[in-house]
Amino acid sequence: MSSGQSAKCEEEGAGVGAQGLTFNEPLLFDQGSPGRRGCTLPECDVPELKPERLLPRKLLRHDIPGFPELSEVEVVRHFTRLSQWNYGVDTGFYPLGSCTMKYNPKINEEVWRLPGFSLAHPYQPESLIQGALELMYELEQFLAEVSGMDRVSLQPAAGAQGEVLGMMLIRAYLESKGSPRKRVLVPDSAHGTNPASSAICGYEVLQIKSGPNGRLDPQVVANAMDEDVAAIMVTNPNTLGLFEDQIAEIAKIVHAKGGQVYCDGANLNAIIGISRPGDTGIDVLHFNLHKTFAVPHGGGGPGAGPVGLKAHLAPFMPVPVIEKKGRRFVLNDDLPSSVGRVRAFYGNFAALVRAYAYIRSLGPSGLRRVAEVAVINANYIMSQLKDHYHLPYDTFCKHECVFSDARQLPHGVQTIDIAKRLMDYGFHPPTIYFPLIVKGAMMIEPTETESKETLDQFIDAMKRIAEEAERDPELVRSAPHKTKVSRLDEVKAARQPNLRWKGKTSGEESGS
Ligand SMILES: *Cc1c(COP(=O)(O)O)cnc(C)c1O
């Protein structure tokens, strides 16, 4: 880069924001030429079998409308270019709150790709998968130990599915005591999956208000608690990044009326190795291995949401459970009160191997260090930005801090504008407009894997945006300016995705 160029970047406050070699790329369907091929096969030297001899004629087609015909290099460039439009933890800082977008160490990938793991087939007999069973058995022990629970089911494929399983266990347990009860208490700061999971399990949801300090007040829980309440779902630390310091008291109140306590453990990264939910009266909780335990989020793809539970819920666990008989590991399907299977086979095994590798490579003291550094990083960002953005709950935080746009609103700049402008500076925006109890929320979770230099670049970008909002609000309102496309209709993209090929499309159309 010439000094002239670097001066220009400096002046624009480019930070790590990118410009330059990002290629335009039309749809595959708009490329290529009839007859172009990616590979050439030799002439067939055995008699050809006509498809008509294998399949009924009406199921055969002779033409695939709009099928793109391209050379190998065109295909490789197409997908490589598309991959370069993407943003992930391997390309930059990803401060998405409540998501723990930490860097995923490559050793975990290495380990799960060992042929004994990656090529194992779920129908292999127990005798040939002893290593895989041992790994899952040990992972259950590790997760039970860090959470203070008695047993763990590794089956659920995501946190949300873990919640559903947790509520199924609570329902089955209460039913065995005489009545499943009617209601579940969910705080107003909860993730949307909490009320959804309760509702799927047949419960009414009663929302309870957080106190003025952003935490649950035991008195409020006591007032809402009666013998119709099946459970309370508490996220700890909660989605404001605050530790629910009254959790033990709250658990006592709920237990006294025969209710159960569910902990949404999505934010475990802040307390791992320091505080164990099981020691504070929690009956059941889920882990998000794709958050706390460095398993990739995979673009919404395979994750894992194991569920930890206390002994009284163990008879209801999903089958099969993994047990140790002498020196052998066996799958036990014989659990008469089990809620059944919640996922095919054993859950997302590849995610389990990655989490196992992560735990083994860090060890107990390393896991504790994760939480310590995650908390320091979040408090550092909070302390550096609180003179520039409104901080509704001004107190030490755990793994994340939540600001609002209250100071920028008078200039006509809102949270969405700030988030979009951050992209010009090369950062993925934080979680926005969540939790719902903070109007115009910006929820920032740095995780432990970011260096001070990266945090400083981010802080610098946020400060510049706060300054721009006062000096040149239109610049922020019309952001992003440096991305391939500017503001998209996100609602339309989600509700009416246009994924079909409809003949030639113009490049302009897809870019608006
Ligand atoms: C991420 C998250 C969930 C849902 O977990 P998934 O693995 O995305 O299904 C639930 N609660 C909280 C607080 C979360 O952050």
Side-chain angles (χ1 to χ4, degrees), residues 89 94-102 104 143 147 152-168 184 186-201 205 207 210 214-216 231-244 247 261-272 277 282 284-308 342-343 347-348 350-352 354-355 374 378 397-402 430-438 441-447:
V89 279
Y94 212 128
L96 214 52
S98 212
C99 277
T100 313
M101 301 295 291
K102 62 172 74 179
N104 314 130
L143 294 177
S147 61
V152 175
S153 168
L154 301 174
Q155 272 186 30
Q161 199 190 11
E163 290 173 32
V164 172
L165 172 60
M167 297 316 288
M168 286 165 72
V184 172
V186 180
D188 52 6
S189 60
H191 195 269
T193 49
N194 291 189
S197 303
S198 304
I200 281 178
C201 290
V205 175
Q207 195 181 75
S210 311
R215 297 173 165 96
L216 279 178
I232 186 169
M233 290 184 98
V234 185
T235 307
N236 203 16
N238 68 26
T239 62
L240 292 165
L242 305 177
F243 191 80
E244 293 288 357
I247 186 66
V261 185
Y262 184 95
C263 177
D264 178 329
N267 295 335
L268 207 64
N269 209 51
I271 58 170
I272 190 162
I282 303 299
V284 52
L285 98 163
H286 77 258
F287 306 82
N288 301 63
L289 300 189
H290 45 289
K291 295 181 182 174
T292 318
F293 297 93
V295 174
H297 283 51
V307 167
V342 295
R343 184 118 210 309
N348 279 333
L352 305 180
R354 289 181 178 99
C397 63
K398 287 275 174 282
H399 58 298
E400 62 198 358
C401 52
V402 181
T431 293
I432 55 174
Y433 300 108
F434 177 77
L436 303 176
I437 56 172
V438 173
M442 288 176 273
M443 183 197 229
I444 301 168
E445 180 180 8
T447 82

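Whatever order the structure lists ligands and atoms in, that order sets their numbers, starting from 1.
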Item to complete: Looking only at non-hydrogen atoms, find the nearest pair between M101 and Y94 and report the distance.
Response: CB-O, 3.4 Å
Worksheet item: Any donor-acceptor pair under 3.5 Å linking the side chain of N238 with the backbone of G214?
Response: yes
Please tabulate, line by line, the atom pairs linking an N/O of ligand 1 to a protein N/O at a distance below 3.5 Å, with the distance in Å to 0.1, or answer 'none'.
unit_1: ligand 1; atom_1: 5 (O); unit_2: N288; atom_2: ND2; d: 3.0
unit_1: ligand 1; atom_1: 7 (O); unit_2: G159; atom_2: N; d: 2.7
unit_1: ligand 1; atom_1: 7 (O); unit_2: N288; atom_2: ND2; d: 3.0
unit_1: ligand 1; atom_1: 7 (O); unit_2: H290; atom_2: NE2; d: 2.6
unit_1: ligand 1; atom_1: 9 (O); unit_2: G159; atom_2: N; d: 3.3
unit_1: ligand 1; atom_1: 9 (O); unit_2: A160; atom_2: N; d: 2.8
unit_1: ligand 1; atom_1: 11 (N); unit_2: D264; atom_2: OD1; d: 3.3
unit_1: ligand 1; atom_1: 11 (N); unit_2: D264; atom_2: OD2; d: 2.5
unit_1: ligand 1; atom_1: 15 (O); unit_2: S98; atom_2: O; d: 2.6
unit_1: ligand 1; atom_1: 15 (O); unit_2: S98; atom_2: OG; d: 2.6
unit_1: ligand 1; atom_1: 15 (O); unit_2: K291; atom_2: NZ; d: 2.8

Worksheet item: Hey, does N267 have a side-chain heavy atom less than 4.5 Å from the side chain of K398?
Response: no
Worksheet item: Ignoring hydrogens and geometry, is there a side-chain-to-backbone donor-acceptor pair from N236 to F243 under 3.5 Å?
Response: no
Worksheet item: Residues two or more places apart in sequence or in another chain: which of them pass side-chain hydrogen bond (donor to acceptor under 3.5 Å, both in side chains) with E400?
Response: none
Item to complete: Mind telling me whether H286 and Y262 have parallel, tilted or perpendicular rings, with 30° and 60° as the class edges?
Response: tilted
